[in-house]
Structure formats: C-alpha cells, structure tokens
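Single-structure report; data block below.
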Protein chains: 4
Amino acid sequence: MVGKKVRVGVIGAGRIGRIHTKNLVQKVEKAEVTVICDPRYEETKEWARSLGIERIVTDPMQVINDPEIDAIIICSPTNTHADLIIASARAKKDIFCEKPIDMDLEKTKKALEVVKEEGVKLQIGFNRRFDHNFRKIRSMVEEGKIGDVHVVNITSRDPAPPPIEYVKVSGGIFMDMTIHDFDMARYLVGDEVVEVYASGSVLIDPKIGKAGDFDTTATILKFRNGATCIIDNSRKAAYGYDQRVEVFGSKGCARAENDTETNVIFSNEECVASDKPLYFFLERYMQSFEDEMHDFVDALLYGRKIPVSGHDGLMAIVIARAATISARENRPVKIEEVL
Amino acid sequence: MVGKKVRVGVIGAGRIGRIHTKNLVQKVEKAEVTVICDPRYEETKEWARSLGIERIVTDPMQVINDPEIDAIIICSPTNTHADLIIASARAKKDIFCEKPIDMDLEKTKKALEVVKEEGVKLQIGFNRRFDHNFRKIRSMVEEGKIGDVHVVNITSRDPAPPPIEYVKVSGGIFMDMTIHDFDMARYLVGDEVVEVYASGSVLIDPKIGKAGDFDTTATILKFRNGATCIIDNSRKAAYGYDQRVEVFGSKGCARAENDTETNVIFSNEECVASDKPLYFFLERYMQSFEDEMHDFVDALLYGRKIPVSGHDGLMAIVIARAATISARENRPVKIEEVL
Amino acid sequence: MVGKKVRVGVIGAGRIGRIHTKNLVQKVEKAEVTVICDPRYEETKEWARSLGIERIVTDPMQVINDPEIDAIIICSPTNTHADLIIASARAKKDIFCEKPIDMDLEKTKKALEVVKEEGVKLQIGFNRRFDHNFRKIRSMVEEGKIGDVHVVNITSRDPAPPPIEYVKVSGGIFMDMTIHDFDMARYLVGDEVVEVYASGSVLIDPKIGKAGDFDTTATILKFRNGATCIIDNSRKAAYGYDQRVEVFGSKGCARAENDTETNVIFSNEECVASDKPLYFFLERYMQSFEDEMHDFVDALLYGRKIPVSGHDGLMAIVIARAATISARENRPVKIEEVL
Amino acid sequence: MVGKKVRVGVIGAGRIGRIHTKNLVQKVEKAEVTVICDPRYEETKEWARSLGIERIVTDPMQVINDPEIDAIIICSPTNTHADLIIASARAKKDIFCEKPIDMDLEKTKKALEVVKEEGVKLQIGFNRRFDHNFRKIRSMVEEGKIGDVHVVNITSRDPAPPPIEYVKVSGGIFMDMTIHDFDMARYLVGDEVVEVYASGSVLIDPKIGKAGDFDTTATILKFRNGATCIIDNSRKAAYGYDQRVEVFGSKGCARAENDTETNVIFSNEECVASDKPLYFFLERYMQSFEDEMHDFVDALLYGRKIPVSGHDGLMAIVIARAATISARENRPVKIEEVL
C-alpha cells in the first residue's frame, strides 16, 4: 500500500459503525474516513458532519467502487456481511468486518475464498483480543510464563438480556454471545478446538426459552493440544458486566479481574465496598475498539499480519454451531462434524 | 444422649485420625477421647500418651463394643469403612466416618440401611462444608442474598499429585479428589444433581495416564432445580493449593478467594506481590476439621441435625461414579443410571 | 460569553502546554485552539500543524491582545505566570494557568486582585482534583457518606527524583511536589488549613540535600474544622508512582488505590503478582488533564463555577511556604503567620 | 533452666490474664500453669478448674515465693507492675509483664535495674510484634528486601472508645493506645526514636476532651537512622478495628492489610463487598497472644533472646510521654528531654 494515510469508507452507521468511525477520525492519525454509507441518510449526515465527514451515500457499492478508498469497514447487518466482503474483495479493497461473518457456514467460506483469491486483507471484529487485560494474558502465554496451557476459564455475563425480538433473530446465545468467548479461547490457547460440549438452561426469562434459546450456559471446549476451556455465560448478572478470564498452565495461572470506574474502596458499618464492573461492553471494551482500528490500519500501512483473520472468524462460527448442536442434543460434538 | 461429655473412641491413628483426636482433646471441651485403635500399637501409644490418652487397642471391635464409649470416629482405610459403620451401628454407637464411605455403592447403601435400622447418627467427613469461606457463602444462599442459584464454579487444584502408588488405588481422580467438590456443589446449591458430564486429560504426569487416571478434569453438574455447577480440577498448581468457589444467582454473586498466611502486599521494581495460597489441605482446612468435630459432638449432645449425613456421603460417591463413566465414555451420564 | 465554541490561545508549548493543546483539539469539542505562543518557533510550528493549528507566535502579547481569542491557557515558566495573568485579565480574557501561580506570594496576590478587578475567570491547573478516584472520594464527602472528616492520609511518591538542576530552581519539594497534595487536602476536606508541621529528610540523594532541599517528607495539616491531614512524600519509590488518598470520617473511610495498566493477577511458584502503578503523572493523570479542560471550557460557556479558583492557587502556595518554614525551623507554623 | 516444662504462675485473672492462661494450658505444650493469683477468689477458682488448674491464691507473694514456679505472668493492674516485677526478680523468677510496665518512668527504670541485677529474664506484652502480618514485614526489613527504611505508616483505629471512666485513668491516648504503635514503629524500623511531634483532636466524644484526653491523633516519629514514622490513631472507626502498617524503603514497600473473617467477595446491584476487619483486638490479635507465650516459654527453655525486652517496654513509655507533652505544648519533643 502506497501513501501515508489509509483512506477508509464505512458501511453501516449504527452503534458500532459510529464507534469505529469516531475512533478512526479522532484517534487513528494514519486513517482518514472519506465516506459513510447508511440508508438513514439525513441522520447519518448530521452525525458525520460533526466529525468533519462530508460524503454520505446510501448504496454500499458507491463506497466499494470508490477509487479513492483503500479499505472498507463493514458494520451493516450480519446477513449482508458475506456479500459485502465478496464485493469489496473483488474491488481490491482491504476489509474490516464486524463479527460474525455470517451465520451460514457456506456463505462464510465462500467469502473467505474470494478474499484469498483477490489477495486482499480481511480483519474480523473480535475486539476483545485487544482488551488490555486479555492481551496481557495472551502475551504471558506467548512468553512462556504460564507454561503449557492446561485450563482456560472464561466468565462472560451480560448485565441484562437483549430485547426478546433481538433474541429471536440472534442465531442463539452461542452464535450471538458465546462467539466472543470462543474466539477468546482460541486466542488465549493459540490452538484449534476439536470438540465441544455445551449445556444450556433458561433461568432468567421464560420468553427466551419460548424463543428456542438459552439464557444461561456452560461450555467445555477441548483443544488439539490437550487444553480445556470452560466458558460460563449468563444473560443477566445483577452486578453488571462480568468479563473475567483465567489461564492456568504448568507454570502458573494468570487471571483478569473486571475493570472498574475507580479504585476507591469504601468501608463503613455494613461492609468494605468497591466499584461494580464497568456497565457494559461500550464502557468495558472502548479501549479495545480503538486498538483494533489502530492495528487494522497499521497492518495495511506496514504490511503487518492481520491480528484477527478470516479463518478466526470462520472458526468462531463453527464452534458456535457445534455448541448449539451439543446443547440441543446433549452430547459432545466434534468440530469436524460441523466444519 | 445423657451426660455432659461425649465419650469417643477413634479407629485409625493415621494422619487424619490424629488430627481429629487432637482437635477433640484440645478444642472440643464437650468430648473425651478414651480409646484409640490402630494396628501400629507402639507408635500410637507414644503419640496418644502425649495427649493424655491411655487406652490403646489394636482390634476395632474392642472400641466398638466398649460400653463406656458413646461415639466412634472411623479413620481407618476406606475399604474398612462400611463394615465398621455396620458394626458400630449394631453396637448402637453414633458414628463419624471419613469420606468416602466406600467405593462400592452396594456396600455403601447396605451400611446406610443398617445405620437407619439401628437409629444411630452418622456424620461423613466432608470437612470443607465447615470452611469459614464456604460456610459463609452457603449461609448467603440460605438467606436468599444470592437469589436463585444459577451457576456454581468450583476451582480445586492440588499443589502436587499424590505418589503414583496411591493414584493406582485411589479409585480415580473423581472418587479421590473431585468427590469433595461434588459434595461442595450439593452443599452450596442445596439440591440434588441429576446429570454429569466430565472431561479428563493427562497433562501433568503420563504415569497417571498409564495408571488409567486423569490429572486434569472439567466437570459439569446439572441440578434438579436448574442450577449448573462447573468444577475445574488439577493435580498440580505451581502456586499451591487453589480452593475457590463462586456462586452466581439471580441477585448477585459470592466468591471465596484463597486463604493466605498473611495479608502483606509487597511492591518493588518487579511487581506488586501478595502471598500464595496456604500450602495444602492441612493448612487451609485445619479450621474446618476442628469445626466438624464441634458440630458432630454438639449434634449428639443436643440432638441437633447431623450436618453431613450418610445420604450426603452416598450421593458424593454416586456422582463420582457417574463422572468416571462420563469421562471414560465421553457422554453425559444421568445420576439415575448409576444410583 | 457568546458563541458556541471557546476560542483559546495557548502560551507555552512545553510538555504540559502540548498536553492541554492536544486535549483541547481532540477531546474538547466546544473549544478551538487558534493560536500557540512559544519562543521555539520552528519546532512549535511543526508540532502545531500536526494538530491543524496554523497560527504560531513568539510574543505572548500577540495572544493576549488577539480579539479573536476568548481564553488564554498559560503554560509558560512559573516566573512568567503572574505577569501573564495580569495582562490577560486586563485584556478581559478568561484564564487557565498552570500551578503554581508564582512562588512569590505578593506577586500572586497582586495577580488575583487584577483578576478580581477585571471580573475575568481564572482556573488553576490542579489537575488531580479531576482524577476519577479522588473526584469520587470528594463526592462521597459531599454526599455525607463519610460523615465528618477526621483524618486525610495522602501518600504521594514519585518514581524518580527530577534532575538536580531542576531541584535547585524548583522552590523546594513542598512548593514543587507537595503543593499538589496541599491542594488535594483542601479539596477533599472542603475547608481551610490553619497550621502546618512538616518534617523533611534527605534519604535518597545527598545532592538534593546539598541543594538545600529534602527528598522525603512527612507533613501534618490542621484544618479549621478540626480535620487533620497527613501527607507522606518521597522523591523515589522503587515500584513507581504511588498516588493514594484516604479520607477517614465519622461514618466510614474511603481510600483510593493506585491505577494500573491491567487487572491481571499472576500466580506462580514465587508469589501472587499484580501490576505496578501506572508509571508517572503522564500515565496516571491523563484523564484528569482532559477533564480539567472540559470543566474549564464548560465553566466559560455555561457560566458555571470555576472548579479550581485563584484562591485555591494562592492557598496551596501559602501552605507550601508554611511547610517550608516548618521543616527548616522544626516547629508548627500557623497559616496566618505566612498569609 | 533445667527440666522439660516451664512451670508458670499467673498474677491477675482478668481478661488478658485468662487469655494467657488458656493459651499456656491449651497451646503451649512446654508450659504448665500451676497457680493463679487473683483477689476474686471464687470466680477465679471456677474458671481455673475448667482448665484443670487447682491452685488459686489471692496474695501475689504466694505465687512469687512458690519454689515450684519458674516464671511469673503479670497481668494485674498497671500500677502494680513495677513492684511485682521487682519482687519476682528478687525471687529469681523469670517474668512476663503486660504493657505498660508503669506510667511512672522512675518506677519503670527501677524495676528494670532490679531485673538486670538479678539476672532474670523479662518479656513485655507487646503482642502485636507476633502478629503474622507485622512479623512478616519485620522479617522483610531484616532480610533487606525493603532496603533502607524511609517511612513507616501505622494506621491504628479502634472500633469504639473505652468507657469514659477508663479514659480518665488510662494515662491518655498516647500511653494507652498509641503505645502499641510506638513499639511497633521501633520493632519495624529496628532503631531508636529521637524526636516526636504529636497532634491531638477531640472529634468523637467531647467527654474525652473534658477528661483532658484526645480521641484522634497524628504522630510523627523521627528515628536516629533517618527513618520517619507516621501514626494515625482514632478511638472510633465505624467499620471496626483498623490495624494496618506500611514500611516504605529504598527497595520497595510492604504493607499489611486488615485481617477478615472470610475471603468472600459479594457482588450485587449495590456494590462489590468484602468483609469488614476482624472486630477488635481479641479477634485480630489472638494468634499473636498465643505466639508471644510460645516465644516466652521457648526463650526460657532454650536460652533464647527475649523477643520484647524491658528496654522495649521502657522506650514505649518514654515515647508516649514525649508525645503527650508534644500534643499538649504543640511542639516537637526530643526523646532525650524525657528519658
């Protein structure tokens, strides 16, 4: 790639699209957002102008075919991801695409094939890999401080379930929520999952059960290298967003506690109290959203390795699929059965 | 029971027998240890005298048939437990028996039947229920502070594997080590397990694998009331004895961190360091060994409910059996299949 | 003030001047930096252009007399502060001035008089009041959660002493370093200091002693309302920047622990280790530098109260003066003796 | 000393006398308590018998002159200490005496002279030196891990003030409460104090002020080796007994947090809560009371150095005296002025 700045077009100006755009404009000096695409033209325009972005379009192809653009950030609805990846790749643009690539495995694989064929770069939006805590643990694994990884424990609980309408189209808790943890497990262990056993319950809201989904799950992943990962999910923790990770290995154990607003401890007659975790992903993971953009832009500019590949995106979906089958049929499911 | 003091005879003066005896003599004012039985007569005598106990015998029946004795503490090898329980019950003695009752389910059930028939009391040595941390969490569950229990996470890791000769006769990791965690899960949830899925690996010592056992396991228990328990075991944690428990419910989450020798935090150029966990069960659980004796003696004296019943002893064995099958056959196992 | 944006000129583009400028440009949407003044013209120009600021001048009066400017940010050397405040006030500009206003009390008072006379606003750069931890504790004091304040403990240690050349012109440790803690004490207690006792030692570097200064100090402040504040300073903590505060009152005690890069805890054979504190003030207090600019701009735009007043600036200097006398003469010094 | 067990007589069976007696009987195998002296004959007898002690006397000389006794534990009122020490020393008994030796310096010195003359051993009851946390910090100082000691911070707050009648005869807060912290400071630093500055307030109960005492104090001690110690005392902390210590040196900083009943952390909608500190000294320091007896008995049996000497007892009183003068006259007081 030639030139000092990466010129970026963003497709989809919903919540996450706006976060990426704002980060690119305000924090990533080596990027320039030149066009935003969203069907909600007027409101997108107003918001974009506050960031100094003048060009708003409603047809994604206007972004994709724009010769002034180097890279595309895909933040549109999930069911459009695969097609937009393919079109962007054909147009020789590098791509950042939100997770999941697609809930359909075949469409996902097809998109990855085109990406490979065209030789463009593709980064998937598993932002948690960039979280300061988890990144440090991964680096401790890489440096050998933890030794061989034996067990990974991931606790991932939301402060409140999403609206039931969302639940119905979410693809299920494993595809919608645990998918982040599946990617985290692969990231921390640095190897591939070979088998999944998942157990699901409906303990929070019977409507979630009626929608065919679970709200509380426990999942065991077995890795090729012998490591085991245990994931514990809940759609509702009374105390907020609980995002902890522990990696236990032959030399020691690293665990990440939750982030908090302050480090103030208050003692009174009742108890010794500290802060609750940061409320939800927008608070907790804001730093990671910024850093994934930095790394994406740097990968393009300096020819570095993309930190979250299309293969990573694919495997998370595959594991989510296996977990869904496992929980429904109450049996361990081999990854090769699904892939 | 009449009289102010419970007169106790101890069968088996190995490590745990000596702990119970010493606690009874020095800490439990309402108990009196009048006789100790152990085949190693001379060394037992010397040790017993240092505690002021004069009567040493080598035949358990001399204890069981002693009319001066109210209760029997059974600390002999596991394969003698069931028979000694039966004999003690027939002799109308109340009984404290170390865990597990027996590895054989039929023998265990038979012993419990006789106990019931004779109307004596039987407490099983699941000492961890008396640990200050876990007891507090259980009381929070009972008081409703945690709400409905959704998930229990138990981390239970030893500082080092036992000698391989012990591993071979241990009944396997689920019967030998996880059995404590199975009881802890039942204690914390306050309900019965209906299904088990267990996964085992050999990551620490291949000799353990050759002996047909695992050294690293992950287990998921499903309870009748919908709660899920996840247990994570390892035979070897580099940093020592890791004994943590977390109960997550509809109203909040209580977790017990490890106990340490001191609360000193040391900051230097390298890091901010605190103590490692207390080394092993003798250090960590000494308070619980003492308290289980207090509660046993109080239950006899004041007609209180036995805190860990024969049924509790049975169910731990049943779950261990189910877990063993599950890990070997890699499938979830219903408790009713084993019971 | 009319207009939606505050137009700002910055005098002094050294380290802190650049921090404020960058924050104003990138984080404070309601501010616009239109001119920078610094004698180092070329290097300032290059840096300013990277932030989109075109106008660079070398004479502060060009900023002060610029009719397009609403407010002046004074980040030039301390000995220029008073004169620049006076000139800015005469030019009817609102002012943000770095601490200390001036080491000379009379010059400081004179500057504050002119500010009052001209009716402009003046904020002093005690950024730590905006730190998330300390701000929370102050709000707990205000809400009455801590009750009457009895004792404030401030631990404030640097990772390394400044160069000895700097020490010589710094005005001494109380004026240079503890001054922040004096302001913090007044902020947390919300009342005035009436007496100071300070004790100083030279334990880190004898050159600091030869320069007539201390490197380790303990200070006791007595407040009008009866509260006591204890400040513990060191120029060199092996583990980094130690910035803790504790407020103890009739209803409880709030304390702020250090901020760290991550919340990862690592256990191995040696110990259980967590992160060292963030390295120095640029890391620890970056959020506070940003927030003091937000509050300054908001105070101007919306007619809000200035959060750190000229009086606050004056009192910190007065207390520093009293502490210096106290440590030299080894006696408690009344504030009225100095004021 | 010949013989395997130390035969001990206890003078004074109040709260602390009973604690020492019980520890000697139940925990210190190498000691034997053969006689108790207390004017409250009947109630002392009943209690003593429950511990198996048969001989009760009401005249201390019956203990002191008992040829069967090796050592005397003095737990009678403070104003009897010096005389009993002298009498015991004359009778060639080794002595453990509760703190303070005497509030009168001359009487204290006289007692120490007789002890020296007679060549008996004397240990003073500064039990906190034996606390697991503080002992570890002291050992870190000794091992050089902390480097040269620069600053010691001691936070020592009671859960509630003593009855006002007690306050009136207590000798004042510095002699009654801070005296423990003065000893702790000397213990941690391992050197002598040369100057004291103390500041006292009445913030908790005006009756304490009317009795001529303070309820909230801050004290600065300067040591011969350059170290500074800051002590922060309050007679009433809403959250209980706050007993923390921090030693900051050239290589790092060790701090002891409070001990708690459990290590359970509970998160709910309100906050993340942990246990309050152990309620008061009987809870917090029980382990130290036991260990000081072990060390006393071992010192006698094996000719080891007495861990808290008469000189230590004297210096704590001297510093308390200096602090009292300092707070009253609001000036730093040199130790040599008082000694």
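No hydrogens, no waters, no symmetry mates; every other heavy atom, side chains included, goes into these values. Computed from a predicted model, the values in this text were never measured in an experiment.
Contacts with chain D were tallied for C:Asp232, C:Thr217, C:Thr216, C:Val202; C:Asp232 has the most, counting heavy-atom pairs under 4.5 Å.
The interface of residues 163-170 of chain C with chain D, defined by heavy-atom distances below 4.5 Å, is empty. Against chain C, the residues from residues 146-158 of chain D that qualify, each with a non-hydrogen atom under 4.5 angstrom away, are D:His150, D:Val151, D:Asn153, D:Arg157 in number order. Applying a 4.5 Å heavy-atom cutoff, the residues of residues 238-245 of chain C that approach chain D are C:Ala238, C:Tyr239, C:Arg244.
For chain C, the nearby part of D:Ser250 is the backbone; its heavy atoms alone come within less than 4.5 Å. Residue contact with chain D, scored on non-hydrogen atoms closer than 4.5 Å, involves the backbone and the side chain of C:Leu203 alike.
Heavy-atom neighbours of C:Glu269 CD from other residues, nucleotides or ligands within 6.0 Å: at or below the threshold of 12.
Annotation: the span from C:Asn330 atom CG to D:Tyr197 atom OH amounts to 10.0 Å, rounded to 0.5 Å. The OG1 atom of C:Thr219 sits 7.0 Å away from the CD1 atom of D:Ile220 when rounded to the nearest 0.5 Å. Remark: D:Ile230 CD1 to C:Ile230 CD1 distance equals 6.5 Å, nearest 0.5 Å.
In plain terms, the two heavy atoms of D:Gly226 and C:Ser201 that are nearest each other are O-OG, 3.9 Å.
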Expected list for residues 332-339 of chain C: side-chain donor-acceptor pairs under 3.5 angstrom, two or more places apart:
{"from": "C:Lys334", "atom 1": "NZ", "to": "C:Glu195", "atom 2": "OE1", "distance (Å)": "2.3"}
{"from": "C:Glu337", "atom 1": "OE1", "to": "C:Arg331", "atom 2": "NH1", "distance (Å)": "3.2"}
{"from": "C:Glu337", "atom 1": "OE2", "to": "C:Arg331", "atom 2": "NH2", "distance (Å)": "2.7"}

